[in-house]
Participant: 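Shown below is the structure under consideration.
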Amino acid sequence: MDSSTWQKSSYSGSSNACVEVRKVDGVVELRESDEGHIILRTTSAALAALLHSAKAGELDHHA
């Protein structure tokens, strides 16, 4: 993904309660669609590691 356009999951439909993502100049940016002024910036590697950990259940004890 190399696009400055915000993207969200197709599962979100027309809902405004989702996380949006984009990649700008090699930096991954994430935001809540209903709080668009707050943007989290990270690297592709860090986001991939976070998603891997979440899928593996490694963060379940934080819930």
Side-chain angles (χ1 to χ4, degrees):
M1 172 181 61
D2 265 323
S3 173
S4 61
T5 303
W6 289 104
Q7 299 177 9
K8 65 179 183 175
S9 170
S10 60
Y11 290 106
S12 298
S14 61
S15 172
N16 243 10
C18 62
V19 174
E20 297 176 321
V21 63
R22 72 179 179 179
K23 190 170 184 182
V24 178
D25 297 327
V27 176
V28 177
E29 297 182 332
L30 300 128
R31 70 178 184 182
E32 291 266 353
S33 55
D34 59 348
E35 294 285 339
H37 62 285
I38 301 171
I39 299 172
L40 172 69
R41 291 176 178 88
T42 189
T43 64
S44 295
L47 180 58
L50 173 66
L51 294 175
H52 176 76
S53 294
K55 288 179 181 180
E58 297 171 6
L59 306 175
D60 290 351
H61 65 282
H62 293 288

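Worth knowing before you read on, the calculation uses all heavy atoms, side chains too, and leaves out hydrogens, waters and symmetry mates.
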Participant: Any idea which heavy atoms bring C18 and K8 closest together, and the distance?
Facilitator: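 Closest approach of C18 to K8, heavy atoms only: SG-CD, 3.3 Å.
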Participant: Under the salt bridge (Lys or Arg N to Asp or Glu O under 4.0 Å) rule, collect the residues that match up with E29, sequence neighbours excluded.
Facilitator: R22, R41
Participant: Find out if a path of hydrophobic residues (ILVMFWY) with successive side-chain heavy-atom gaps under 4.5 Å connects V19 to L40.
Facilitator: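 Yes.
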Participant: State, to 0.1 Å, how close R31 and I38 come at their nearest heavy-atom pair, and which atoms those are.
Facilitator: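 So the minimum-distance heavy-atom pair works out to CB-O, 3.3 Å.
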Participant: Using side-chain hydrogen bond (donor to acceptor under 3.5 Å, both in side chains) as the criterion, list what pairs up with S53, not counting sequence neighbours.
Facilitator: E58
Participant: How close do S44 and V28 get, heavy atom to heavy atom, and via which atoms?
Facilitator: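 Shortest heavy-atom contact: OG-CG2, 3.5 Å.
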Participant: What distance do K23 atom NZ and T43 atom OG1 have between them, rounded to the nearest 0.5 Å?
Facilitator: 9.0 Å
Participant: Which distance, rounded to the nearest 0.5 Å, do you find between the CG of L30 and the CG of L47?
Facilitator: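 With rounding to 0.5 Å, CG (L30) is 5.5 Å from CG (L47).
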